[in-house]
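For reference, the structure discussed in these notes is given below.
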Number of protein chains: 2
Amino acid sequence: MTPPPAPSDAVAIELNAVLVALTANQPLVLTLEDGTLLPSGPFATEHPTLQSGLRAWVERQTNHPLGYVEQLYTFADRNRPGSDGRQRVVSISYLGLTRERLSAGARDPEWRSWYRYFPWEDWRTGPAPLIAGTILPRLAPWVDAGADAGNRRERQQRVEVSFGDGRESWNEDLVLQRYELLYEAGLVPEAKHPAADPVPGMPMRHDHRRILATGIARLRAKIKYRPVFFELMPPEFTLLQLQRAVEALAGRPMHKQNFRRLIDAQGLVEPTGASTAEARGRPAKLFRFRREVVLERAVVGSKLPLSRPI
Amino acid sequence: MTPPPAPSDAVAIELNAVLVALTANQPLVLTLEDGTLLPSGPFATEHPTLQSGLRAWVERQTNHPLGYVEQLYTFADRNRPGSDGRQRVVSISYLGLTRERLSAGARDPEWRSWYRYFPWEDWRTGPAPLIAGTILPRLAPWVDAGADAGNRRERQQRVEVSFGDGRESWNEDLVLQRYELLYEAGLVPEAKHPAADPVPGMPMRHDHRRILATGIARLRAKIKYRPVFFELMPPEFTLLQLQRAVEALAGRPMHKQNFRRLIDAQGLVEPTGASTAEARGRPAKLFRFRREVVLERAVVGSKLPLSRPI
DNA sequence: TAATTAATACTCTCAATGAGCATTAATGAG
DNA sequence: CTCATTAATGCTCATTGAGAGTATTAATTA
């Protein structure tokens, strides 16, 4: 029962990073090689911890501090191609939020909107037409191709939960489930037996688009109970800019008055006193985040009918 | 910018498991070596994925299927003792839920209540007296020993967020934060410079108590939006047994009527028709879970002021 | 038949959420 | 100077869910 840990066969540790920034209301992710790869590199042994290794490596590359880092997932499911099959790759992926972007217009590395990879995830101007127009019709034959009635029912249910009906009942957190569904149905080029005519959305090499989906899903879930979007904003910003930023991440439009009510109720920001003089109309007041509240906001809501302890 | 992945120096992959079961309203965790270790073992290269490796290994040991598996965290922060310092250990930890327990009364492996390791986490019969009686008084000097006023304020805030005032405002999800706070304050034996007289609660070797805290925290958070406690219950159970099970995990008492209202509203269970004939009074009806709803229940609630997409 | 245990039936309050309508404020273009 | 333009506010309203409490009914066994 207690097998003493022994060295495995040859193993390479690889770090993958989903680095997110925001510019002009677009959620950006750092990519390499013409947008086909996420930044990744070997884990250098001189670093005491994985996070410090990642942080050092990213900051050296981008010349900007990494505001927030969070581990995403560890995969160990593939072998290094070209090796004799015993060289296993363990890839540990991270989500990182950063405020500034690298040299603009660079070709490699390049910041790209994540909606280029997941066009069906952008519901900011209403339901993504891609879903009702293309995805649901393409998924229908896959549902019908289920082995038996039970399998078909299960597939149907998965489609409904992930994509809804294409017009309402959209859950923006299910980014990974949606990608995996399309993968299984062979509708993305990365699939094992891809359809000749995949669904729109740029693919990536290896499992990098899957890792990106994991990162987006994690971030979308996180902003609901922790104000991590702090790390993506400039030091001063208007409330409308903040709203647009959250909308860019969540992929959904928000109700302006309610958004302000919420931000206000949580005491997340304070006015700097200054205003913008952007365009024609009334200038917007500038705000900054109140760093102090970050700690307080560790509180989360519960969905269980708790009793007050006696 | 794109360093080609290369094999690291010698690396050993180790799997750690937090295996949870429930008996007699106690949340149990599988331990080894007189309760000082979590089950762990090397990652065998013949397994295609990490999860299948863990699953196979656990099921071989316990002769019971593993109902639910979830990755917890990957640590790579220590070196194998006795090696030349280049042999790095990457430990990947998992949470697993299982329905049945291994041979009862066995000494090793042994199922133990997790509240032996974290006695302050059990608020089922009211605030854990340990907190107001011992922990808060012992943390006070640590707060006062902060380097400067700002540091002291930050420490004070961390104590308040993690432990509340010891009587109310308890957030049961912050298991890991609380353990880490005690660790930093030197109040657990595992700390780097432990106090001569640590706080009650059984320690573990290496960082295993930390991993256990991570698992408990994850499970407590999860049951609020996904009915994973399915996997811990016998095939048939009464609603009161179910309530006691959830209370055991959450470490808090619940309001009976509201608990039933919630279970009912979600359509999680259906009556089997049978009843128990346990003790004196009215027998309780037996229920079973409706497996069908697991998929549907992927829906989560949002805390952002979303607008209905146009 | 009474004690015992489990299960129900309701009610009430409070806070949060999603939504809508209307109005005020401060600019720059002309 | 005034007017279109953009941003910000002020309110109201309905609905829902959570937390809590009181009282009553049901089915057993000692």
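Residue numbers start from 1 in every chain, and the chains themselves are labelled A, B, ... in the order their sequence lines are given, proteins ahead of strands. Worth saying up front: this structure is predicted, and the values here are computed from it rather than measured.
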Strictly distance-based, threshold 3.5 Å: is any side-chain N or O of R218(B) a donor or acceptor partner for the main-chain N or O of L72(B)?
yes
Counterpart residues, side-chain hydrogen bond (donor to acceptor under 3.5 Å, both in side chains), relative to R153(A) (two or more places apart)
none
Find the distance R252(B):CZ to dA18(D):C1' and express it as a whole number of Å.
13 Å
Under 3.5 Å between N/O atoms: give me all the protein pairs with nucleotides 25-27 of chain D, atom names plus distance.
| unit_1 | atom_1 | unit_2 | atom_2 | d |
| --- | --- | --- | --- | --- |
| dA26(D) | O4' | R282(B) | NH1 | 2.9 |
| dA27(D) | N3 | R282(B) | N | 3.4 |

Integer-rounded Å distance: dA8(D) P and R244(A) CZ:
10 Å
Run the salt-bridge test on K285(B) and E236(B) with the 4.0 Å N-O cut-off and return the result as yes or no.
no
Could you tell me how far apart H255(B) (NE2) and dG21(D) (P) are, to the nearest whole angstrom?
7 Å
Compare side-chain N and O positions of K285(A) against OP1 and OP2 of dT9(D) and report whether any pair is under 4.0 Å apart.
yes
Do Q177(A) and Y179(A) pair up side chain to side chain, a donor and an acceptor below 3.5 Å, judged on atom types alone?
no
In terms of ring plane angle, is the pair F289(B) and F230(B) parallel, tilted or perpendicular, where the classes change at 30° and 60°?
parallel
Send over the distance from K224(A) NZ to dT17(C) C1', rounded to a whole Å.
14 Å
From the options dG21(D), dG18(C), dG20(C), select the nucleotide whose nearest atom is closest to the side chain of N258(A).
dG18(C)
Return the value, rounded to whole Å, for the distance between atom CG of L242(A) and atom C1' of dA7(D).
15 Å
Report the relative orientation of the aromatic rings in W170(A) and W123(A); use parallel for angles under 30°, tilted for 30 to 60°, perpendicular for over 60°.
parallel
Would you mind reading off the distance between L239(B) atom CG and dT5(C) atom C1', rounded to a whole angstrom?
15 Å
With DNA chain D as reference, determine whether F287(A) or R261(A) sits nearer its 5' end, using the nearest nucleotide of each.
F287(A)
Sequence-distant partners of Q26(A), side-chain contact (heavy atoms from CB on, under 4.5 Å), two or more places apart
L28(A), S113(A), Y115(A), R124(A)
Over how many whole Å does the gap from D264(B) atom CG to dC10(C) atom P extend?
14 Å
Quick one: on DNA chain D, does Q257(B) or L240(A) contact a more 5' nucleotide (nearest heavy atom)?
L240(A)
Taken to the nearest whole Å, CD/Q243(B) to C1'/dA6(C) is 12 Å
